[in-house]
Amino acid sequence: MQSDLKGIVSRMRSGMRIAVPVDYAGVSMALTRPMIEAGLRDLDLVCVPTGGLQVDMLVGAGCVRSVETSAVSLGEAGGAPRFNAAVKEGSIKVIDATCPAVHAGLIAAQKGSPFLPLRGLIGTDVLANRPDWTVIDNPLSDQKDPVVLIPAIHPDVAIFHAPMADRHGNVWIGRRRELAPMAYAARETYVTVDRIVEGNLLADEMTGAGVLPALYVSAVAEAPKGAWPYGLWGEYNADVDELKRYAAAARTQEGFDAYMSETAKQGEPA
Amino acid sequence: MQSDLKGIVSRMRSGMRIAVPVDYAGVSMALTRPMIEAGLRDLDLVCVPTGGLQVDMLVGAGCVRSVETSAVSLGEAGGAPRFNAAVKEGSIKVIDATCPAVHAGLIAAQKGSPFLPLRGLIGTDVLANRPDWTVIDNPLSDQKDPVVLIPAIHPDVAIFHAPMADRHGNVWIGRRRELAPMAYAARETYVTVDRIVEGNLLADEMTGAGVLPALYVSAVAEAPKGAWPYGLWGEYNADVDELKRYAAAARTQEGFDAYMSETAKQGEPA
Amino acid sequence: MSSVLPREILITTIARLLEGVRHVAVGASSPMPAAGAMLRRALDEKERTVRLSILGSVEHNFFTNGSCELFDSAGQGRIDAFFLGGGQIDGQANVNLVGVGDYPQVKVRWPGSFGSAYLYFVVPKVILFREEHTPRVMVEKVDFVSAPGFSDPEVYRPGGPVALLTGKGLFSFDKTRPGFTLESTHEGESLASIQEATGFAFEHADSVPQTPAPDAATLKLLRSRVLDELEETYPAFAADWRRDLAALSVPA
Amino acid sequence: MSSVLPREILITTIARLLEGVRHVAVGASSPMPAAGAMLRRALDEKERTVRLSILGSVEHNFFTNGSCELFDSAGQGRIDAFFLGGGQIDGQANVNLVGVGDYPQVKVRWPGSFGSAYLYFVVPKVILFREEHTPRVMVEKVDFVSAPGFSDPEVYRPGGPVALLTGKGLFSFDKTRPGFTLESTHEGESLASIQEATGFAFEHADSVPQTPAPDAATLKLLRSRVLDELEETYPAFAADWRRDLAALSVPA
């Protein structure tokens with residue numbers, strides 16, 4: 001159950017479909033560089049429901065084939081430079097979604113259902129560009145009532161960062177419940193955590209309430225401040241200066257490459 | 001936000017559709033007798049996903065028109081005597097379901113979706129007796145693939161019992177997450193709790209992880225040991241002797257009536 | 001042989017049926033399936049982790065998402081084995097948990113179908129377990145199908161029944177026929193006694209073997225570690241078992 | 001009149017548009033909508049509780065079920081008002097959050113549609129808010145419809161746009177036409193200046209009034225309580241505002 005960053009990355013393969021969380025929910029930035037260094041290619045990323053720095057870095061490093069997402073940006077630090085460039089060049093495929101549709105696809109997989117219906121969407125170009133989404137006439141209505149069916153999303157892998165896990169593999173996700181459907185839906189789930197704690201997080205009703213059980217967790221690696229430069233809810237804030245530094249550097253591919261090799265030398269954040 | 005048992009019951013009306021939880025998840029037994037005393041009639045109960053003592057008492061007292069449920073029993077204390085008698089007499093309508101279908105109906109309502117698809121069910125007499133459930137051919141499959149659509153369940157009211165709430169109306173439900181979809185799906189949610197605590201349960205990430213936010217809670221009443229004779233997870237165990245005493249008494253309507261008037265005199269449990 | 005309790009043979013049989021599973025779920029009031037799963041876990045612990053989820057238990061609860069999580073995880077393919085009882089079970093492995101007579105105004109009403117109408121479809125190994133083996137339980141045709149034993153080929157059904165274990169014997173289920181085959185009779189039973197107690201037709205070899213008792217090592221494990229573990233969740237059942245062991249004059 | 005900052009007029013206008021709401025959700029980086037909602041809450045506090053959910057905020061977070069809860073609660077009808085921006089907004093209130101040019105290889109790529117393709121349908125009062133009011137934003141027809149301004153009658157749509165507020169003026173939206181009507185121009189703007197800055201046609205009265213400034217009591221509330229509350233979540237914006245107030249030589 002317990003592993004390390006290299007051990008986790010060694011279980012990933014090129015061509016896998018990988019689900020990653022929204023920037024404030026616990027992004028496993030600690031896994032990003034090892035994934036790049038492992039030379040993974042043709043990854044299909046699913047952003048739950050939006051992406052940021054991790055997506056931009058993986059795209060900039062050439063690891064990505066497609067991105068299914070409701071948005072990609074660096075938040076306060078602006079647009080996602082490598083993602084935006086790749087979209088313009090057509091070097092990655094972008095599969096535009098809308099937030100609740102990504103959730104719906106994961107929850108369909110969580111429930112073992114082939115699809116979930118979702119209101120909205122009719123008449124959007126989001127729908128028009130999603131041949132995998134199907135409009136049907138609501139069979140339970142006696143009037144015309146079009147509704148969109150979102151197929152289940154089954155990622156090969158889900159990765160995220162959380163404050164803590166125990167040695168049994170139980171991970172404390174608190175109220176960031178979107179992390180649970182990611183894991184339920186994925187075949188394998190790899191988690192980095194700020195700390196491994198003694199005891200069993202499920203043994204107590206108070207901690208247990210916020211736990212993703214080990215049943216859904218394939219491996220856990222300790223990575224202190226592993227969400228940096230993103231923040232981690234209840235733990236530390238985002239390092240906006242670093243995000244801005246990245247955003248400025250990554251406006252060009254050369255700048256991105258320089259940033260990556262420079263920060264590689266720096267090692268882990270303080 | 002804060003109320004008392006009578007105040008809560010005064011907001012219920014005959015003919016309402018009321019969702020109640022499974023026996024181990026926190027049954028608001030404290031509300032049962034006030035509901036009976038208020039003379040509520042023609043209630044449509046939805047058991048999430050099964051019912052027990054509360055359902056049996058409401059049926060025995062003549063408050064109930066129909067019960068949608070995956071099962072009704074007193075667990076270790078045996079069958080539900082008043083429910084079973086009413087089914088045999090045909091004096092209530094029983095709408096047989098299966099556990100995940102009840103959850104699916106509530107989650108459809110949670111998501112503002114008209115229905116949720118559910119695997120299984122094909123060929124069962126459960127399905128055969130549910131004209132409100134519809135079988136369609138999965139529109140996303142290129143082969144014949146029948147799947148059942150469960151329509152959204154929108155209760156007028158959800159009631160349950162929990163260990164604690166704060167004065168803002170935030171209720172701590174811990175890992176009994178099925179209570180949340182009940183509240184999301186219902187128009188009004190009334191909660192009894194063992195205790196009201198100071199402070200704000202949402203202010204702390206640890207307690208917040210197990211909270212049903214006040215946004216979904218219409219009123220909270222303090223009712224110490226309010227699940228009795230059922231237990232409350234992490235707090236106290238079920239009083240199986242009392243359940244057995246009820247089960248024996250309620251084998252006849254007279255016995256049920258005698259039990260209810262006798263225990264009314266006793267007042268609250270020790 | 002008479003030094004082994006009937007329930008110990010049942011538990012050992014359950015453990016055998018659970019060979020190879022990773023995650024077993026059992027109902028709240030199912031001490032024998034739980035014991036069988038605990039024995040399986042003890043036997044396999046060097047090779048693999050066998051998880052056991054007991055519904056309603058705090059100790060054996062891996063779930064944190066409410067009562068829907070069992071069904072969700074079964075739908076995800078994360079539950080390998082589950083147990084179903086039934087007020088009536090018929091020769092096509094249909095299960096009735098609702099009642100006897102004309103639905104809905106049945107003459108005898110049982111609690112209801114619970115999750116059977118879903119789990120029977122999606123859990124790969126469903127073991128039908130009912131100790132009472134009489135013509136009123138083992139019927140030719142159930143009065144109400146809570147969950148059907150088999151489905152048409154176009155129906156999504158990765159799961160279904162693999163065996164029927166009763167107080168008298170063990171049957172396997174062949175979904176191609178569909179129907180049961182008597183695999184073994186418990187001590188004191190015979191093909192004839194089982195035929196008499198069974199309302200449905202079933203296949204059988206000319207000579208039906210006896211259900212094997214646990215070997216000495218397994219029996220020891222059962223009466224020490226498994227019995228101790230079981231006691232936490234099912235104290236009354238464990239006490240009963242210990243009493244019967246004492247009456248056998250076998251050191252527990 | 002010149003003693004009121006332009007942003008104070010915008011915030012007051014937002015608060016007016018939010019009359020009668022019980023629950024407002026605003027995006028993570030939307031200080032002005034948040035300030036408008038805070039002002040509404042302060043004005044109404046004797047009559048009703050106005051809830052404000054700021055996505056990503058800890059202080060203003062009523063949610064405990066992850067990022068899907070906003071969409072779920074909107075689908076339940078529990079969110080009365082929401083704000084949408086847009087890289088492009090057209091005369092039929094279509095919103096484009098994706099990019100300029102031919103999709104998917106757009107010339108300019110914006111982050112993406114976020115939840116707009118859902119929330120625009122189900123939230124009763126969606127307020128389009130974009131300070132930049134230029135022909136490149138206010139276009140005749142958007143290049144990509146992230147979310148449409150109106151829908152055919154058979155489409156389930158309890159929600160939609162009610163107004164468009166920009167740095168130059170306030171429009172109402174009439175879904176029966178469909179189209180915008182200029183309701184007021186902000187100080188320093190005119191019908192002509194707005195027509196020049198707008199790429200789509202809109203209706204207007206012969207004489208368009210000026211967007212009203214807050215009265216003294218409202219302005220006081222805005223500069224004391226609302227500004228203090230806002231500071232917790234948007235410190236940079238609040239600091240800016242205080243600096244501009246100091247420059248006005250108005251006691252803050």
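Letters A, B, ... are given to chains in the order of the sequence lines, protein chains preceding strands, and every chain is numbered from 1.
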Practice item. Before giving the answer on side-chain contact (heavy atoms from CB on, under 4.5 Å), spell out for Arg119(B) and Phe121(C) the whole-Å C-alpha distance, their side-chain angles and the decisive distance to 0.1 Å. Key: CA-CA 8 Å; Arg119(B) 290 302 193 181; Phe121(C) 288 78; over 6 Å; no
Practice item. Please determine, by modelled atom types, if Asp96(B) and Tyr103(C) share a side-chain donor-acceptor pair under 3.5 angstrom. Key: yes
**Study point:** Exercise: identify the closest heavy-atom pair between Lys107(C) and Lys88(B)
**Key:** O-CD, 2.9 Å
Exercise for review: Please flag which part of Asn129(B) lies under 4.5 Å from any non-hydrogen atom of chain C: side chain, backbone, both or neither.
Suggested key: side chain
**Study point:** Residue selection (most heavy-atom pairs with chain C, distance under 4.5 Å) from Pro49(B), Pro181(B), Gly90(B)
**Key:** Gly90(B)
Review point. Would you say Thr50(B) and Pro111(C) make side-chain contact, with heavy atoms under 4.5 Å?
Key: no
Review point. Which answer fits Tyr120(C), side chain, backbone, both or neither, if we ask what part of it has an atom under 4.5 Å from a heavy atom of chain B?
Key: neither
Practice item. Tell me, with the steps shown, if Val94(B) and Arg109(C) meet side-chain contact (heavy atoms from CB on, under 4.5 Å). Key: CA-CA 11 Å; Val94(B) 58; Arg109(C) 170 78 200 192; 4.0 Å; yes
Review point. Measuring heavy-atom distances to chain C, does Glu76(B) have an atom under 4.5 Å in its side chain, in its backbone, in both, or in neither?
Key: neither
Review point. Relative to chain B, which segment of Val142(C) carries a heavy atom at a distance below 4.5 Å: side chain, backbone, both, or neither?
Key: neither
Exercise for review: Report yes if the side chains of Phe71(C) and His103(B) come closer than 4.5 Å at any heavy-atom pair, otherwise no.
Suggested key: yes
Exercise for review: Please indicate whether Arg177(C) has more than 12 foreign heavy atoms, meaning atoms of other residues, nucleotides or ligands, lying under 6.0 Å from its CZ.
Suggested key: yes
Exercise for review: Tell me, with the steps shown, if Arg176(B) and Ser67(C) meet side-chain contact (heavy atoms from CB on, under 4.5 Å).
Suggested key: CA-CA 7 Å; Arg176(B) 299 274 31 118; Ser67(C) 64; 4.2 Å; yes
Study note, to complete from the structure: Of Ala147(C), Ser116(C), Gly115(C), the largest count of non-hydrogen pairs under 4.5 angstrom with chain B goes to Gly115(C)
Point to revise | Separation of Leu70(C) CG from Cys99(B) SG (nearest 0.5 Å) | key: 8.5 Å
Check your understanding: Would a 4.5 Å heavy-atom cut-off, applied to side chains only, mark Tyr156(C) and Ile122(B) as touching?
Key -> no
Point to revise | N-O pairing of Lys144(B) and Asp152(C) below 4.0 Å | key: no
Point to revise | Residue part contacting chain C, namely of Ala85(B), when any heavy atom lies under 4.5 Å | key: neither
Practice item. List the atom of Val126(B), the atom of Ser113(C), and the distance in Å for their closest heavy-atom pair. Key: CG2-OG, 3.5 Å
Exercise for review: Check whether any side-chain N or O of Thr98(B) sits under 3.5 Å from a backbone N or O of Phe114(C) as a donor-acceptor pair, and report yes or no.
Suggested key: yes
Practice item. Verify side-chain contact (heavy atoms from CB on, under 4.5 Å) between Asn84(B) and Trp110(C), making sure each step is shown before the conclusion. Key: CA-CA 8 Å; Asn84(B) 289 350; Trp110(C) 298 314; over 6 Å; no
Practice item. Could you check which of Ala71(B), Gly51(B), Ala128(B) has the highest count of heavy-atom pairs closer than 4.5 Å to chain C? Key: Ala71(B)
Revision key, fill the gap. Between the OG1 atom in Thr64(C) and the CZ atom in Arg177(B), the distance rounded to the nearest 0.5 Å is 8.5 Å
**Study point:** From Leu121(B) atom CG to Tyr118(C) atom OH, the distance as rounded to the nearest 0.5 Å
**Key:** 9.5 Å
Review point. Between Pro104(C) and Val87(B), is any pair of side-chain heavy atoms under 4.5 Å apart?
Key: no
**Study point:** Atom CD of Glu154(C) with >12 non-hydrogen neighbours under 6.0 angstrom
**Key:** yes
Practice item. Inspect the surroundings of CZ in Arg65(B) and state if more than 12 heavy atoms from other residues, nucleotides or ligands are less than 6.0 Å away. Key: yes
